[in-house]
Amino acid sequence: MIKVEWFYWLCGIFFVLIAAQVINDRSNPKRIGSAAFWGILGLSFGYGTFVVNKQAPSWLLGIAVIGLALLAGAGFPGRGKERTTSPEERMRFADRFGNKLFLPALVIPVVAAIFGAWLAKVHVSDGKLLLQSGSATIIGLGVASLLALAVGMVLLKPKSPAVPMHEGRRLLEHIGWTAILPQMLATLGLLFNASGVGTAVGRVTDHLIPKGSLIAAVALYCIGMAVFTIIMGNAFAAFPVMTAAVGWPLLVQQFDGTPAVVFAIGMLAGFCGTLCTPMAANFNLVPAALLEMKDQYGPIKAQVPTAVPLLACNIVLMYVFAF
């Protein structure tokens, strides 16, 4: 059986190697703190296996997370001197390879889809699943990334096998601490749900919604999804909170809404919030950093005029088709 833990370990090794590169980069004025950030993150991937297997205490991971937050608050990680191709070299690559440059990127979704849709059902000789149950898509993403790396190496023929590591470090240093923000926010959503925030929000909404008003309940659910997504940066984190407060008890149980329609459109309403928040770093801050935009909030300013009317459309669609 192929286990998802193997790919978590691989991610951990990658971050540890990045930390080793950073600590040896004298051009980085923040090399000690930066190396500590990536090193702690990398070691956490491996240590997590022992925590899950109850072979090690979980509180050390808590300290590691606090340490990462403190380092990020102190301005780490920083940037060093980039050992990568120049703009002129990239233009020559673009002219030479053309659309073939997209081939490694296209490998990832194709292979991940094959793993998730087909290989997830394959059994080995002893009757066990080939892939760890419930993790087929993540395993597929890991395998696809390795295959994409191999395709890129064969296609571009870099001078050194260390080029992918240097490029990986360059991208991470451009993104900075926001690279791990999605994981932090997803965890925050679980904590909110476990601590009963959804139930508390539900009690508040009872006083806000006029009794028997379907349109008010629909609007509150959709707007609430968008607002909580803006706060937490992740619609998947907002979903359990608003669904426990409004979606299930009011729209499904009280107004007999179709669950699939209510929750699907509810997620779309949450994605409207994604377009409007810097907390959704992987969508809004990371592209600005990678493209070296002068205004780091440029993507958000361009997306807000679309997000607001789209949220209104989602309210109308849910009201018309879910009941």
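Being a predicted model, the structure only gives us computed values, none of them experimental.
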- Minimum heavy-atom distance between Phe45 and Gly12, given as atom pair plus value: CB-CA, 3.8 Å
- Please test Leu43 against Val16 for side chain to side chain contact (heavy atoms under 4.5 Å, CB included), starting from the C-alpha separation and ending with a verdict. CA-CA 7 Å; Leu43 293 174; Val16 169; 4.2 Å; yes
- Check step by step if ring-ring contact (aromatic ring centres under 6.0 Å, His included) holds for Phe239 and Phe228. CA-CA 9 Å; Phe239 182 77; Phe228 265 86; over 10 Å; no
- Message: If I take atom CD1 from residue Ile18 and atom OG from residue Ser34, how far apart are they, to the nearest 0.5 angstrom?
- Response: 11.5 Å
- Item | Shortest non-hydrogen contact between Pro77 and Trp177, atoms and distance | CD-N, 3.7 Å
- With a 4.5 Å heavy-atom cut-off, do Val51 and Pro57 have their side chains touching? no
- Note on the structure: Shortest non-hydrogen pair, Val151 vs Pro104, comes out as CG1-CG, 4.2 Å
- Exactly one of Leu268, Leu214, Leu251 clears side-chain contact (heavy atoms from CB on, under 4.5 Å) with Met318, and that residue is Leu251
- Flag the pair Phe14 / Leu17 as yes when at least one side-chain heavy-atom distance between them is below 4.5 Å, and no otherwise. no
- Between Ile265 and Ile215, is there a shared hydrophobic cluster once you connect ILVMFWY residues whose side-chain heavy atoms come closer than 4.5 Å? yes
- Could you tell me whether a side-chain N or O of Thr277 sits under 3.5 Å from a main-chain N or O of Ile230, the two making a donor and an acceptor? yes
- Message: Before you tell me yes or no, could you show the steps for Glu173 and Arg169 under side chain to side chain contact (heavy atoms under 4.5 Å, CB included), namely the whole-Å CA-CA distance, both residues' side-chain angles and the distance that decides it to 0.1 Å?
- Response: CA-CA 6 Å; Glu173 288 187 336; Arg169 175 190 162 194; 3.1 Å; yes
- NE2 of His166 to CG of Leu171: how many Å apart, nearest 0.5 Å? 13.5 Å
- Message: Taking atom CZ as the centre, does Phe97 end up with more than 12 heavy-atom neighbours from other residues, nucleotides or ligands that are less than 6.0 angstrom away?
- Response: yes
- Message: Quick check: do Phe263 and Val252 have side-chain heavy atoms less than 4.5 Å from each other?
- Response: yes
- Are side-chain heavy atoms of Met242 and Val227 found at a separation under 4.5 Å? no
- Output yes when a side-chain donor or acceptor of Asp25 lies under 3.5 Å from a complementary backbone atom of Ser27, and no otherwise. yes
- Message: Are the side chains of Gln254 and Pro249 in contact, using a 4.5 Å heavy-atom criterion?
- Response: no
- Task: Please report the C-alpha distance between Ile139 and Phe7 in whole Å, then the side-chain angles of each, then the deciding distance to 0.1 Å, and finally whether the side chain to side chain contact (heavy atoms under 4.5 Å, CB included) criterion is met.
- Result: CA-CA 7 Å; Ile139 293 173; Phe7 296 95; 3.5 Å; yes
- Message: I'd like to know if Leu149 and Ile2 are part of one continuous hydrophobic network [Ile/Leu/Val/Met/Phe/Trp/Tyr, side-chain heavy atoms within less than 4.5 Å].
- Response: no
- Query: When you check the side-chain N and O atoms of Asn284 and Gln303, is any donor under 3.5 Å from an acceptor?
  - Reply: yes
- Where is the tightest heavy-atom contact between Ile300 and Pro278, given as atom of each residue plus distance? CD1-N, 3.4 Å
- Task: Would you check if Leu172 and Trp38 make a side-chain contact, meaning some heavy-atom pair closer than 4.5 Å?
- Result: yes
- Message: Tell me if a side-chain donor or acceptor on Arg31 pairs with a main-chain N or O of Arg26 at a distance below 3.5 Å.
- Response: no
- Leu311 and Cys222: which non-hydrogen atoms are nearest, and at how many Å? CD1-O, 3.7 Å
- Task: Determine, using the 4.5 Å side-chain heavy-atom cutoff (strictly less than), whether Val143 and Trp6 are members of one ILVMFWY cluster.
- Result: yes
- Note on the structure: CZ of Phe76 to CG of Asn28, rounded to nearest 0.5 Å, is 9.0 Å
- Any sub-3.5 Å donor-acceptor pair from Lys30's side-chain atoms to Gly75's backbone N or O? yes
- Note on the structure: OG of Ser44 to CG of Leu68, rounded to nearest 0.5 Å, is 6.0 Å
- Message: Contact between Val218 and Val262 at the side-chain level, heavy atoms closer than 4.5 Å - yes or no?
- Response: no
- Task: Start with the C-alpha gap between Met225 and Val241, add the side-chain angles, then the distance that decides, and say whether side chain to side chain contact (heavy atoms under 4.5 Å, CB included) holds.
- Result: CA-CA 9 Å; Met225 278 293 300; Val241 175; over 6 Å; no
- Taking a hydrophobic cluster as the set of Ile, Leu, Val, Met, Phe, Trp and Tyr residues connected by side-chain heavy atoms closer than 4.5 Å, whether directly or through intermediates, do Phe321 and Leu310 fall within one such cluster? no
- Query: Would you call Leu141 and Val111 a side-chain contact if the rule is heavy atoms closer than 4.5 Å?
  - Reply: no
- Return yes when atom CH2 of Trp118 has more than 12 non-hydrogen atoms of other residues, nucleotides or ligands closer than 6.0 Å, and no otherwise. no
- Message: Test question: given the 4.5 Å side-chain rule for I, L, V, M, F, W and Y, name all other residues clustered with Leu70, or answer none.
- Response: Ile66
- Message: As an exercise, state the distance from CG of Leu119 to CD1 of Ile114, rounded to the nearest 0.5 Å.
- Response: 7.5 Å
- Interatomic distance, Phe15 atom CZ to Leu10 atom CG [nearest 0.5 angstrom]: 10.5 Å
- Shortest non-hydrogen contact from Phe255 to Ala217? CE1-CB, 4.0 Å
- Query: Do other residues, nucleotides or ligands put more than 12 heavy atoms under 6.0 Å from Phe323 CZ?
  - Reply: yes
- Query: More than 12 heavy atoms of other residues, nucleotides or ligands under 6.0 Å from CE of Met91: is that the case?
  - Reply: no
- Query: Judged by atom type as modelled, is there a donor-acceptor pair below 3.5 Å linking the side chain of Thr258 to the main-chain atoms of Ala260?
  - Reply: no
- So if you build clusters from Ile, Leu, Val, Met, Phe, Trp, Tyr with side-chain heavy-atom gaps below 4.5 Å, do Leu147 and Val110 land together? yes
- Could you list all the salt bridge (charged side-chain N to carboxylate O under 4.0 Å, His left out) pairs where at least one residue sits in residues 299-323, not counting sequence neighbours? Asp295-Lys301
